[in-house]
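What follows is a single structure, written as structure tokens, with notes after it.
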Amino acid sequence: MENIDLNKVWEDCKVQNRRAQSQLYHYFSKKMHPVCLRYAHTTLEADDIMQNGFVKVFTKHHLFEGNGSLEGWIKRIMINTAIETHRKNKLNYAEALNEDQHIKLVSQLGADQTSYKDLLAVIQMLPLGYKTIFSLYAIEGYTHKEIADLLEISEGNSKSQLSRARQWLQQKLVKLELR
């Protein structure tokens, strides 16, 4: 699969060639699943977001004008699909963290190290609203204004939720390093 002609596959996808759609899906799914997972409660929800996102890729192919990379366009569709899923489920982006919530995180490393996988595991534990805003800002590079427009919230709410998410993450990472 490494040697596919992505331009040819994309052109075939535009004429609803199922084999080409399957090739495109398999080529990008390993890159898009972690993106979807950043915005989902569970792996199953991430799978649904990715599946719905690829349906949009194949039905809205005419919207890709060739400006930028196809991968970037697909990634944006996945993020927007995740946000639409949250809107449909009426996610509250101003949720409070439950301080009584007991979270166990077992580090595979020594007490003075925190691995990338540990960090991702801690981010996954954030409440979904916090995780969404943190991911959009810190990982995807959106501005607070863009986040506010996407999520239909105020910029202040976006900034507040990001600040709370960072505080929560910092506390969990300090506890992890002390182990």
Side-chain angles (χ1 to χ4, degrees), residues 28-54 56-57 68-69 71-179:
F28 283 115
S29 63
K30 288 181 180 85
K31 294 179 181 181
M32 295 304 140
H33 194 263
V35 171
C36 297
L37 196 55
R38 285 196 294 264
Y39 300 96
H41 276 121
T42 65
T43 302
L44 289 175
E45 186 180 39
D47 293 345
D48 288 344
I49 290 168
M50 189 171 75
Q51 187 70 29
N52 292 334
F54 273 107
K56 289 178 185 177
V57 166
S69 71
E71 181 177 339
W73 182 73
I74 292 172
K75 182 178 179 181
R76 182 164 298 280
I77 287 176
M78 297 300 159
I79 292 168
N80 288 338
T81 302
I83 291 168
E84 288 171 14
T85 300
H86 297 323
R87 277 193 201 135
K88 186 171 64 175
N89 296 333
K90 298 187 186 331
L91 176 67
N92 179 5
Y93 287 98
E95 63 191 296
L97 287 170
N98 180 356
E99 294 300 326
D100 297 331
Q101 182 179 17
H102 297 289
I103 295 174
K104 289 186 177 180
L105 179 66
V106 178
S107 176
Q108 304 298 320
L109 302 173
D112 62 342
Q113 299 179 18
T114 302
S115 76
Y116 179 72
K117 287 184 179 183
D118 286 336
L119 179 59
L120 290 179
V122 175
I123 291 170
Q124 279 301 112
M125 292 178 198
L126 278 167
L128 190 57
Y130 287 11
K131 181 170 65 169
T132 300
I133 291 171
F134 180 84
S135 294
L136 287 170
Y137 185 85
I139 298 172
E140 308 296 346
Y142 284 77
T143 66
H144 286 293
K145 179 168 179 17
E146 291 169 326
I147 294 169
D149 291 344
L150 278 171
L151 302 179
E152 298 175 351
I153 60 174
S154 70
E155 281 184 63
N157 190 344
S158 175
K159 291 176 183 178
S160 170
Q161 298 301 305
L162 177 65
S163 175
R164 290 179 185 158
R166 284 180 170 165
Q167 287 174 338
W168 188 90
L169 288 170
Q170 187 175 26
Q171 289 173 354
K172 297 305 173 199
L173 291 173
V174 167
K175 287 180 183 177
L176 177 65
E177 289 176 358
L178 294 176
R179 290 182 184 209

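Everything quoted here is computed from the prediction, not taken from an experiment. Side chains are part of it too, since the values below use all heavy atoms of this structure and drop only hydrogens, waters and symmetry mates.
- Taking the side chain to side chain donor-acceptor pair (under 3.5 Å) definition, one finds that R76 meets it with Y142, sequence neighbours left out.
- Between R164 and Y130, the closest heavy-atom pair is CD-OH, 3.4 Å.
- The structure places CG of N52 at 6.5 Å from CG of D48, a figure rounded to the nearest 0.5 Å.
- Side chains of I133 and I153 form a contact here, defined as non-hydrogen atoms less than 4.5 Å apart.
- When all heavy atoms of I49 and A40 are compared, the pair lying nearest together is CD1-CB, 4.1 Å.
- Heavy-atom minimum distance, S154 versus A148: C-CB, 3.7 Å.
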Go through it in stages, so that I can follow the logic: the residues are M125 and W168, the test is side-chain contact (heavy atoms from CB on, under 4.5 Å), and I'd like the CA-CA distance, side-chain angles, deciding distance and then a yes or no.
CA-CA 10 Å; M125 292 178 198; W168 188 90; 3.6 Å; yes
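- Shortest non-hydrogen contact noted between T43 and L37 is CA-CD1, 4.0 Å.
- For K131, there are no side chain to side chain donor-acceptor pair (under 3.5 Å) partners at least two apart in sequence or on another chain.
- For the salt bridge (Lys or Arg N to Asp or Glu O under 4.0 Å) test, residues two or more places apart in sequence or in another chain that qualify with D149 are K145.
- Here the closest heavy-atom approach between residue S158 and residue I147 is recorded as OG-CG2, 3.5 Å.
- Here E155 pairs with nothing under the side chain to side chain donor-acceptor pair (under 3.5 Å) rule; sequence neighbours left out.
- Distance NZ/K31 to NZ/K75: 10.5 Å, rounded to 0.5 Å.
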**Request:** Go through the steps to decide whether E84 and K56 satisfy the test side-chain contact (heavy atoms from CB on, under 4.5 Å), and finish with yes or no.
**Result:** CA-CA 12 Å; E84 288 171 14; K56 289 178 185 177; 2.3 Å; yes
Residue pair D47, H33: steps toward the side-chain contact (heavy atoms from CB on, under 4.5 Å) verdict: CA-CA 7 Å; D47 293 345; H33 194 263; 2.6 Å; yes
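- Side-chain contact check for F134 versus L169: some heavy-atom pair is nearer than 4.5 Å.
- In Q124, the CD atom is crowded: over 12 heavy atoms of neighbouring residues, nucleotides or ligands sit closer than 6.0 Å.
- To the nearest 0.5 Å, atoms CD1 (I74) and CE (M32) are separated by 6.0 Å.
- Residues satisfying the ring-ring contact (aromatic ring centres under 6.0 Å, His included) test with Y137, not counting sequence neighbours, are H144.
- Two residues are said to be in side-chain contact when any heavy atoms from C-beta on lie closer than 4.5 Å; L136 and I83 meet this criterion.
- Scanning both residues, I79 and Y39, for their nearest heavy atoms gives CG1-CE1, 4.0 Å.
- Taking the side chain to side chain donor-acceptor pair (under 3.5 Å) definition, one finds that S163 meets it with nothing, sequence neighbours left out.
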